[in-house]
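Below is one structure, written out as structure tokens; comments come after it.
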Amino acid sequence: MPIHVVTDLRAEVPSHLKKVPIPQLNRSSAVLGTCVKGKVIKKYPLVSLEEDDYVLKTVIQEHEDQLSLPPGSTSINAILFGPLAKEFSKTVNQGDLVVMAGFVVGRSPTAQKDGLHPCNLQLAGVDACIYVYPSSSTGSSTSTISALTPVPSAETTKPKYTYVALKDLKAGMIVNIYGVVTFFKQPFRTKGTDYCSTLKITDQSDIKLGCTIFSEKLEDHPQIYKIGDIVRLHRVKAQFFNGSINMVSTLGFSVVTFDGTVGSPMVPRTCSRSFHFSDEDRHTVERLRAWAASQSALPSMSSALLSSVRPRMYFDLTCQLLAKAVMDSSCTLLRVWDGTRCAEPLLNVSVEPEALEGSTAITGGRDNLVANVLAYDNHVEVARGLKPGSYLRIYNLHAISQSGDTPPGSGTGHLSFHLHGGTAYGRGIRVLPEDSPDLQELKRTLESLRSDPNDSSLVEVWCTPPESFDSDPENIATELTCDHTLSFVPLACVKKATPPEGFHVRAQLRSYQPERLHQALKLHCPECRTLQDVPDEETVSVLFQEALRGTESSREAWAHTRHLDSSDPGRKISLHLPSYGEKGNDELIFVEGATLEEVCRLSEGQRGMIPVKSSDRKLTLLDLSTPVLIHGSKRLYGCKRCSQVKWLEPEPEERGELNDRSIAEMLGVKLLQYVFLLKLELEDGSGSLDALLWKDAESFFCVPASDAAANQKMQDQIKQTMDRFSPPGGSLERPWLDLCLRSYTVEESGQQTVCYQIFNTVTRGAEHSSQL
DNA sequence: GCTTAGGGTTAG
């Protein structure tokens, strides 16, 4: 796509290019090896289509020596695409003389208006080339010369695939072709083994070409949404039928579809993971788009909004599926809307609530927003597979006035919509992807409907995002364990309800606290029900240090006392080993005069260490902000408020099996329990609310809090779970969570606050990873 | 195993 700025005419333009006078150009002009030469008499601003994609229009006038020809046709519009447009905008000035080559001659859609040449020149891709002779003093433009791209060599630009113009097709050829869709049918089942897509395409040669595509896999079929889409077909065979050429897919067939709108993003619709798409392809699509935009002969689309539908109309409806119900073997009901209100009253087809899948909140016909579509016969198969919440385009829908209670033809009957059996006129249903440009208007309309403060009655419909209709349990990251039969409600409804009440919601995690998950681990006293943070390592360490400054080590009758050297000179560590029992006991050791680090090291042999100090010649526990027991990586804490620490005089008869409870009892300590406490900010499109994950947090994560306190792997597992629910950086999609919530009120300084807590919910997959 | 459909309104 080079532009050459030349100062010496004879030296720069390749000699093989044959110059064609502009007035002699027509649609069938050979373009290979030809060029036109003219003066830039108009240069329009560069138009940016998307990132790094541009279009620019310019008008060039035949070089002076040809001006004896009739005026009017001596000036021609040239449309430049891509980098060439940008380069042209930068390099070329009005008045410059240019030579253009590698163009396509198209029909000028503005010929009537601007009175210029009936054709235009379209320059795109690697073939397009412009040579510029600056008009003013050469000095002014020499600086741009060095910035020019070199001519790509023929070898490197040779495309891997070649495409045959539709006019050049001969029976028997197996070829690759491009075309603009002028008619299409969604894939339908044949009497054979395959699905069949029927389409008709055209290109700059204005030939209408029928194509038939067979494949037993639906994903191999073209994804055509509307007339004007552009398809690229690989390995199709030209056949004679009824006196004209038709194309049929052959072995190795593949298809890619693009939106046909000029300037719309070039997103390939294809199932193949890797497909070849070069700059040349890009420009071919651009050329076809530009050409199609200028064609008035293309059939118009028959899409309509619900608001513009009248009885007896056939139209294409772009809509969202709210609910569906199987009526009988040859009929499925689809309740849809597009956010506009029908001018005619809409019929409500009544269905048993059990038979309805999707939003049960609406009965249809409501406020003339919800249309009841009956899909018959061959469409039942597709209709049954649709997911409520998804976006659809229904082709050739028939508006039928049901005038049961009104005289026929009075125009006051209720409208229902029939998708009749068969595929005539392209009758069918297509699911549109969420991000389809064809949905932007629909989504905007639904959004404005949603924000209408006068209509809160629709809350249950509009506030539920499409994804939450997804009934595929594989896509939901959590699972309910309760046996309530509550139906799912939007968070907005949860917030409106009066507590206490239970709910099932499907929501996403927007954020959570504490972000540092180790802070989610708390100590809870089952007696006084207070909650406190787990003392941090430094605080505990300091308390141990303070205890070192105690009085002389005491000797207890119930224990053998041994001394160890500490890391500090002169300081002895006392180990008091209970002497009762048959052989004495080293399972449980009372340790005095040791630092936290030393106690931890001593407990590494899986012995329970109880840190103690001497006071009044008796042993007692340290401050209750320190662990009462350190056992390997496990630490037990006592409640300051509820413990009644005795002098340590363990009685032999008190000793049964050594466990946390018996140790605590022996020490007179009320043990604190490890618990998780997290605040999850949930959202679902209807709103957001904060829910606590506390009492059922252990089963939610499938990790006991006490294990998490002692085991880094368990903490990592929780981190992974939270990262999955709320991917860091927000780059990945957040999964939906099925949650069982309960609302309740908490009184705090005379103020009633409504709280929500998560119960009966488990994380999917957590039970497996916890086996680590 | 080598076909199917080959556009052009249901009739609920």
Side-chain angles (χ1 to χ4, degrees), chain A residues 169 171 174 179-202 207-218 220-222 224 226-227 229 231 233 235-253 255 298-304 309-317 325-334 347 349-351 371-381 383 394-404 408 413-430:
Chain A
L169 290 167
I174 293 178
V180 179
V181 175
T182 59
F183 171 80
F184 63 101
K185 282 183 179 184
Q186 298 300 340
F188 56 93
R189 254 195 212 291
T190 63
K191 287 175 188 156
T193 57
D194 294 340
Y195 286 96
C196 175
S197 289
T198 299
L199 43 148
K200 199 153 259 182
I201 60 171
T202 184
I207 282 171
K208 297 276 192 298
L209 181 70
C211 303
T212 304
I213 291 146
F214 293 108
S215 173
E216 55 186 359
K217 289 188 207 148
L218 275 174
D220 290 343
H221 283 261
I224 300 167
K226 60 169 185 276
I227 287 168
D229 281 351
V231 286
L233 304 169
R235 294 198 68 80
V236 282
K237 186 176 178 181
Q239 292 183 336
F240 248 115
F241 180 77
N242 271 357
S244 57
I245 291 277
N246 277 260
M247 307 308 288
V248 182
S249 57
T250 64
L251 198 65
F253 163 83
V255 59
L298 279 183
S300 61
M301 278 171 280
S302 39
S303 57
V309 171
R310 298 292 174 265
R312 291 181 296 282
M313 250 174 80
Y314 285 95
F315 65 104
D316 300 340
L317 180 66
V326 172
M327 305 299 281
D328 58 54
S329 64
S330 69
C331 181
T332 291
L333 169 71
L334 303 175
L347 182 78
V349 177
S350 59
V351 189
N372 284 262
V373 172
L374 294 163
Y376 288 101
D377 306 337
N378 53 315
H379 308 297
V380 163
E381 180 190 339
I394 307 176
Y395 300 92
N396 198 235
L397 202 48
H398 192 187
I400 290 180
S401 183
Q402 221 89 357
S403 43
H414 286 61
L415 276 194
S416 67
F417 301 89
H418 292 219
L419 184 63
H420 296 300
T423 61
Y425 282 85
R427 273 200 302 271
I429 304 173
R430 161 70 63 177

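Here is how names work: the chains are called A, B, and so on, in the same order as the sequence lines, proteins then strands, and each is numbered from 1. Keep in mind it's a predicted model, so treat the numbers as computed, not measured.
- Across all strands, A/Gly421 comes closer than 4.0 Å to base atoms (heavy-atom distances).
- Between A/Phe183 and A/Thr190, the residue whose closest nucleotide on DNA chain B is further toward the 5' end is A/Thr190.
- For residues 191-200 of chain A, the pairs satisfying side-chain hydrogen bond (donor to acceptor under 3.5 Å, both in side chains) are A/Arg189-A/Tyr195, A/Tyr195-A/Glu381, A/Ser197-A/His221, with sequence neighbours left out.
- In textbook terms, a nucleotide whose glycosidic angle is within 90° of 0 is syn, while B/dG7, being further out, is anti.
- Applying the ring-ring contact (aromatic ring centres under 6.0 Å, His included) rule to A/Phe241 yields no partners; only residues at least two apart in sequence or on another chain are considered.
- Annotation: of the two residues near DNA chain B, A/Tyr376 and A/Phe188, the 5′-most nearest-nucleotide partner is A/Phe188.
- Take A/Lys226 and apply the salt bridge (Lys or Arg N to Asp or Glu O under 4.0 Å) test, not counting sequence neighbours, and it matches A/Asp259, A/Asp438.
- Every residue two or more places apart in sequence or in another chain that forms a ring-ring contact (aromatic ring centres under 6.0 Å, His included) with A/Tyr376 is listed here: A/His418.
- Among A/Leu419, A/Leu374, A/Val380, the single residue meeting the side chain to side chain contact (heavy atoms under 4.5 Å, CB included) criterion with A/Thr332 is A/Val380.
- Protein chain A contacts DNA chain B from B/dT3 to B/dG12, reading 5' to 3' and using non-hydrogen atoms of the protein with a distance under 4.0 Å.
- Partners of A/Tyr425 according to the ring-ring contact (aromatic ring centres under 6.0 Å, His included) rule, which considers only residues two or more places apart in sequence or in another chain, do not exist here.
- Rounded to the nearest Å, the gap between the C1' atom of B/dT10 and that of B/dG6 is 22 Å.
- Contact annotation for A/Asn396: base contact, defined as any heavy-atom pair under 4.0 Å involving a base atom.
- A/Arg427 comes within contact range of at least one nucleobase, with a heavy-atom separation under 4.0 Å.
- Residue A/Asp194 is classed as a base contact, given a heavy-atom separation below 4.0 Å to a base.
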